[in-house]
Amino acid sequence: MNSEKRATKKRALQKMELLGSTSIPKALLAMGIPTMVGMLVNAFYNLVDAYFVGGLGESQMGAISVVYPLGQVVVGLGLLFGNGAASYISRLLGRGDRENADKVASTALYSSVSVGAVIILISMVFLHPILKLLGATDSILPYAATYAGIYIVSCIFNVFNVTMNNIVTSEGAAKTTMCALLTGAVLNIALDPLFIYVFDLGVAGAAIATAISQVVSTCVYLTYIFRKKSVFHFRVKDCTYTKETMSEIFKIGIPTLVFQILTSVSISLINNAAGDYGDSAIAGMGVVTRLISMGSLSVFGFIKGFQPIAGYSYGAKKFDRLREAIKTSILWSTAFCVIFGVILVLFPTSIVSQFTKGDAEMIRIGAASLRANGISIMLFGFYTVYSSLFLALGKGREGFILGACRQGICFIPIILLLPMVWGLNGIMYAQPIADVLSAVITIFMAIPLHKKLNEMQKQTSAINTKDND
């Protein structure tokens with residue numbers, strides 16, 4: 001028992017060293033690359049899923065595009081508690097308060113699963129009205145209902161996975177997150193053709209493959225917990241719903257949930273607007289959404305590794321380390337976005353044509369939209385570093401405002417108004433325009449943040465100098 005405790009303590013110290021003293025490039029690689037790889041493969045699965053379902057027809061492709069935002073809202077509950085807790089946990093660990101960090105982790109995990117179960121139940125009761133609201137046409141609705149009936153129920157495992165993803169990353173165990181995401185995604189890619197075509201289950205087969213994969217990812221996290229690899233214990237008796245704990249979780253978690261809801265709303269608005277131009281338009285925009293998600297989720301994965309380093313450094317008042325982490329993260333994420341964007345700009349038609357049997361209208365719409373999004377996504381790394389940074393530092397209001405820009409404050413007015421004057425082009429170019437506006441707003445919000453950090457660093461230096469004297 002003593003040797004087990006010593007091993008657990010050693011692992012905890014190694015994780016804290018990674019967050020607090022390892023060189024920034026090495027720490028970002030150790031924390032960011034595993035989560036980035038995991039989310040990249042997960043995003044690639046979404047593309048493969050669309051590829052196999054696209055072979056069934058445009059209505060089936062439109063069905064999974066319609067259901068996608070509903071799943072994102074349910075998963076947002078995992079982000080509400082997981083991301084909210086992760087930010088607070090990193091700052092607590094930076095202050096050396098591991099006991100409270102343990103309680104926050106338990107509270108977040110059990111709360112997310114409980115609330116997630118309730119929301120899933122409500123979604124299933126009102127499934128058809130919800131799908132129509134999300135843009136399902138009469139020809140798409142039967143397929144969407146079949147897919148959602150299986151997929152949404154399985155999202156309870158995804159809520160657990162997303163919550164654990166954030167908590168495990170906050171303690172410096174990014175490789176575990178990568179393993180869970182990688183295992184589930186690879187299995188999903190293998191099962192898709194088996195259930196869709198070999199067993200001839202169509203869209204239901206795609207949903208079953210996803211459900212099985214989510215269960216396997218959950219098993220990876222449960223193994224991590226039961227083998228006591230985590231710094232935390234995840235006990236029901238450790239759940240605490242004090243005002244301080246819940247306010248800290250919700251201060252960051254609610255903005256994150258709102259971002260997820262806005263993502264779903266934006267996709268729904270695109271689907272509804274595209275519905276006026278037929279199933280081919282919905283399917284084409286659905287492919288673009290998944291392709292852009294592949295790049296954006298990869299960046300989010302990398303920034304997941306940046307967040308605990310930023311939160312820990314801020315909590316420990318290591319401002320030089322925080323500043324270096326910000327600069328390095330912007331440089332690396334922007335370089336990735338530029339390379340990804342260039343590929344989309346140069347080969348849009350070839351890429352989109354892989355997701356249809358030969359629907360020329362779907363290819364035309366998808367390629368034009370993909371080219372425009374490829375240009376604007378080059379700004380995404382810069383924007384995401386700062387929107388995540390505010391949340392990592394516990395600045396919920398600023399993080400909420402900036403995070404809500406890209407698919408809310410800037411996007412919603414554009415997608416509602418632009419198609420009225422520019423038709424289908426207004427739908428295709430709504431997100432790129434919102435991306436540019438969001439990047440400009442980021443600049444104006446980043447300047448005062450750096451001024452504040454400089455002031456705090458001067459105050460900390462003055463206090464340290466006085467104590468040494």
A.B. asks: Tell me whether Ser217 contacts the main-chain N or O of Ala180 through its side chain, where contact means a donor paired with an acceptor under 3.5 Å.
C.D. replies: yes

A.B. asks: Got a sec, which pairs hit salt bridge (Lys or Arg N to Asp or Glu O under 4.0 Å) with one end in residues 82-92, sequence neighbours left out?
C.D. replies: Arg91-Glu248

A.B. asks: Return yes if some donor-acceptor pair links the side-chain N/O of Ser106 with the main-chain N/O of Lys103 below 3.5 Å, else return no.
C.D. replies: no

A.B. asks: Determine the minimum heavy-atom distance between Ala281 and Ala274, stating which atoms define it.
C.D. replies: CB-O, 3.5 Å

A.B. asks: Ile167 and Ser230: side chain to side chain contact (heavy atoms under 4.5 Å, CB included), yes or no, with the steps?
C.D. replies: CA-CA 10 Å; Ile167 293 173; Ser230 175; 5.9 Å; no

A.B. asks: Heavy atoms, side chains only, cut-off 4.5 Å: are Tyr197 and Leu56 in contact?
C.D. replies: yes

A.B. asks: Restricting to side chain to side chain donor-acceptor pair (under 3.5 Å), what partner residues turn up for Ser111, sequence neighbours left out?
C.D. replies: Tyr241

A.B. asks: Please name the pair of heavy atoms, one in Gln407 and one in Ile412, separated by the smallest distance, quoted to 0.1 Å.
C.D. replies: O-CG1, 4.0 Å

A.B. asks: For residues 199-209, run the donor-acceptor check on the side chains, cut-off 3.5 Å, and write out each pair with its distance to 0.1 Å, sequence neighbours left out.
C.D. replies:
none

A.B. asks: Is the shortest heavy-atom distance from the side chain of Pro308 to the side chain of Thr169 under 4.5 Å?
C.D. replies: yes

A.B. asks: Using modelled atom types only, decide if a donor and an acceptor are shared between the side chain of Asp102 and the backbone of Phe232 within a distance under 3.5 Å.
C.D. replies: no

A.B. asks: Is the Phe300 to Phe380 ring centre distance short of 6.0 Å?
C.D. replies: yes

A.B. asks: From Leu379 CG over to Arg406 CZ, what is the distance, rounded to the nearest 0.5 angstrom?
C.D. replies: 10.0 Å

A.B. asks: Tell me whether Asn272 contacts the main-chain N or O of Leu133 through its side chain, where contact means a donor paired with an acceptor under 3.5 Å.
C.D. replies: yes

A.B. asks: Could you tell me the separation between the CD1 atom of Ile189 and the CG atom of Leu194, rounded to the nearest 0.5 Å?
C.D. replies: 14.0 Å

A.B. asks: Applying side-chain hydrogen bond (donor to acceptor under 3.5 Å, both in side chains) as the test, list every pair that has at least one member in residues 68-79; sequence neighbours left out.
C.D. replies: Gln72-Gln260

A.B. asks: Among residues two or more places apart or on two chains, list those pairs meeting side-chain hydrogen bond (donor to acceptor under 3.5 Å, both in side chains) that have a residue in residues 372-382.
C.D. replies: Ser369-Asn373, Ser376-Asp435

A.B. asks: Can you tell me how far apart CD1 (Ile120) and CD1 (Ile152) are? Round to the nearest 0.5 Å.
C.D. replies: 7.5 Å

A.B. asks: Closer than 3.5 angstrom, by distance alone: can the side chain of Thr163 be matched with the main-chain N or O of Gly82 as a donor-acceptor pair?
C.D. replies: no

A.B. asks: Using only heavy-atom distances, determine whether the side chains of Gln307 and Ser87 contain a donor-acceptor pair under 3.5 Å.
C.D. replies: no

A.B. asks: Kindly state each residue pair satisfying ring-ring contact (aromatic ring centres under 6.0 Å, His included) with at least one member in residues 404-442, sequence neighbours excluded.
C.D. replies: Trp422-Tyr429

A.B. asks: Where do Val299 and Ser333 come nearest, in terms of heavy atoms and distance?
C.D. replies: CG1-CB, 4.3 Å

A.B. asks: For the residue pair Thr176 and Lys229, establish whether any side-chain heavy-atom pair is separated by less than 4.5 Å.
C.D. replies: no

A.B. asks: Please round to the nearest 0.5 Å and tell me the distance separating atom CE of Met178 and atom CE of Met36.
C.D. replies: 13.0 Å

A.B. asks: Could you check whether any side-chain heavy atom of Phe390 comes within less than 4.5 Å of a side-chain heavy atom of Ile401, counting everything from C-beta outward?
C.D. replies: no

A.B. asks: Can a side-chain donor-acceptor contact be found between Glu58 and Ser280 if the only test is distance below 3.5 angstrom?
C.D. replies: no

A.B. asks: Decide yes or no on side chain to side chain contact (heavy atoms under 4.5 Å, CB included) for Phe400 and Leu391, but give the supporting numbers first.
C.D. replies: CA-CA 8 Å; Phe400 173 79; Leu391 297 179; over 6 Å; no

A.B. asks: Find the distance between CD1 (Ile261) and OG (Ser268) and round it off to the nearest 0.5 Å.
C.D. replies: 11.5 Å

A.B. asks: Evaluate side chain to side chain contact (heavy atoms under 4.5 Å, CB included) for Tyr51 paired with Asp192, printing each intermediate quantity in order.
C.D. replies: CA-CA 10 Å; Tyr51 172 80; Asp192 259 342; over 6 Å; no

A.B. asks: Do Ser139 and Asp279 get their side chains close enough for a donor-acceptor pair, meaning under 3.5 Å?
C.D. replies: yes

A.B. asks: Ignoring hydrogens, what is the shortest heavy-atom contact between Leu70 and Ser123? Give both atom names and the distance.
C.D. replies: CD1-OG, 4.2 Å

A.B. asks: Step by step, would you call Ser112 with Leu77 a side chain to side chain contact (heavy atoms under 4.5 Å, CB included)?
C.D. replies: CA-CA 6 Å; Ser112 67; Leu77 295 169; 5.6 Å; no

A.B. asks: Using the ring-ring contact (aromatic ring centres under 6.0 Å, His included) rule, collect all pairs that involve residues 253-294, keeping only residues at least two apart or in two chains.
C.D. replies: none

A.B. asks: Measure the spacing between CZ of Phe81 and OG1 of Thr107 and express it to the nearest 0.5 Å.
C.D. replies: 9.5 Å

A.B. asks: Should we count OH of Tyr143 as having more than 12 external heavy atoms under 6.0 Å?
C.D. replies: no

A.B. asks: Please examine the side chains of Lys304 and Asn83, heavy atoms only from C-beta on, and report whether any two atoms are closer than 4.5 Å.
C.D. replies: yes

A.B. asks: Only pairs at least two apart or in different chains count here, so list each salt bridge (Lys or Arg N to Asp or Glu O under 4.0 Å) that has a residue in residues 361-383.
C.D. replies: Glu361-Arg364

A.B. asks: Do we see a donor-acceptor contact under 3.5 Å between the side chains of Thr240 and Thr245?
C.D. replies: no

A.B. asks: My understanding is that only residues two or more places apart in sequence, or in another chain, count here; which of them pass salt bridge (charged side-chain N to carboxylate O under 4.0 Å, His left out) with Asp238?
C.D. replies: Arg235

A.B. asks: Under a 4.5 Å cut-off applied to non-hydrogen side-chain atoms, are Ser266 and Ile415 in contact?
C.D. replies: no

A.B. asks: Heavy-atom count around Phe195 CZ within 6.0 Å, excluding the residue itself: above 12?
C.D. replies: yes

A.B. asks: Should Val440 and Phe444 count as side-chain neighbours, where that means a heavy-atom distance under 4.5 Å?
C.D. replies: yes

A.B. asks: Give me the atom names and distance for the closest heavy-atom approach of Thr256 to Ile252.
C.D. replies: OG1-O, 2.9 Å

A.B. asks: Nearest heavy-atom pair of Ser65 and Asn271: which atoms, and what distance?
C.D. replies: O-ND2, 3.4 Å

A.B. asks: What class does the angle between the rings of Phe382 and Tyr386 fall in, given that below 30° is parallel, 30 to 60° is tilted and above 60° is perpendicular?
C.D. replies: perpendicular

A.B. asks: What I'd like to find out is whether the side chain of Asn425 reaches to under 4.5 Å of the side chain of Met428, using heavy atoms alone.
C.D. replies: yes

A.B. asks: How would you list, by chain and number, every residue that makes a side chain to side chain donor-acceptor pair (under 3.5 Å) with Tyr88, sequence neighbours excluded?
C.D. replies: Glu244

A.B. asks: When the side chains of residues 282-292 are checked against the rest of the protein, which donor-acceptor pairs come out under 3.5 Å, sequence neighbours left out?
C.D. replies:
residue	atom	partner	partner atom	Å
Thr289	OG1	Met285	O	2.9
Arg290	NE	Asn46	O	3.3

A.B. asks: With a 3.5 Å cut-off and sequence neighbours excluded, list the donor-acceptor pairs that the side chains of residues 339-348 form with protein atoms.
C.D. replies:
none

